[in-house]
Amino acid sequence: NAGVMQNPRHLVRRRGQEARLRCSPMKGHSHVYWYRQLPEEGLKFMVYLQKENIIDESGMPKERFSAEFPKEGPSILRIQQVVRGDSAAYFCASSPTDNTGELFFGEGSRLTVL
Amino acid sequence: GNSVTQMEGPVTLSEEAFLTINCTYTATGYPSLFWYVQYPGEGLQLLLKATKADDKGSNKGFEATYRKETTSFHLEKGSVQVSDSAVYFCALRRTALIFGKGTTLSVSS
């Protein structure tokens, strides 16, 4: 059973460009979570999605960031008009249920904004 | 609100030393508690968990006990190895996992 797959692993963008990060959850998992990791700040929750629904986006910046998890295909975290402060590692996690179980993490996508 | 506080690192130990990483939480009710570990360049892996008060989670020689009286979930290991060098995250579960800032452990031989 393949784990959570994220791509690209590394992405370089210039200021003002768009970044798209993809996440395929583990087989059988219908819940996806995105986190951002900045040095010295740990992991910050961004958004929680189920298929075709955003359940909790309380950690998403109000502007330039969006996420989706379509009926078919991977979940996408989209960052428009990137700025240097968006440089970070973005981790995706999935779970089969949404209550007290563990989350399974991908290896992350590292975004560098020049 | 819900939050997790971990002791600040880095923690530097010699091989076979005893390890404690403190973790306390603030939450309504009694959430499930977790310790995750992150090795360099990798994602997070579940180390252990406890779902109710007084539960003890254990794995790979690591242990942590869910203490509701002190709202704590301290991580311990009796004898660390060089291969335990990593970043350790304490977390509680609400809609998603809420993490502490992480504690870097460095073990030397």
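Labels below follow one simple rule: chain letters A, B, ... track the order of the sequence lines, proteins then strands, and each chain is numbered from 1.
- A salt bridge between A/R13 and A/D86 is absent, with no side-chain N of the basic residue lying under 4.0 Å from a carboxylate O of the acidic one.
- Chosen from A/I55, A/L103, A/D56, the residue pairing most often with chain B at heavy-atom distances under 4.5 Å is A/L103.
- For the pair B/L97 and B/Y36, the minimum side-chain heavy-atom distance is below 4.5 Å.
- Residue A/R9 touches chain B through its side chain alone, counting heavy-atom pairs closer than 4.5 Å.
- Of the atoms belonging to B/Q38, it is side-chain heavy atoms, and not backbone ones, that fall under 4.5 Å from chain A.
- Partner of B/Q6 under the side chain to side chain donor-acceptor pair (under 3.5 Å) criterion, chosen from B/N22, B/T24, B/T103: B/T103.
- Counting only heavy atoms from C-beta outward, the side chains of A/M5 and A/C92 never approach each other to under 4.5 Å.
- For A/Q37, the part lying near chain B is the side chain, with the backbone staying farther off; criterion is any non-hydrogen pair under 4.5 Å.
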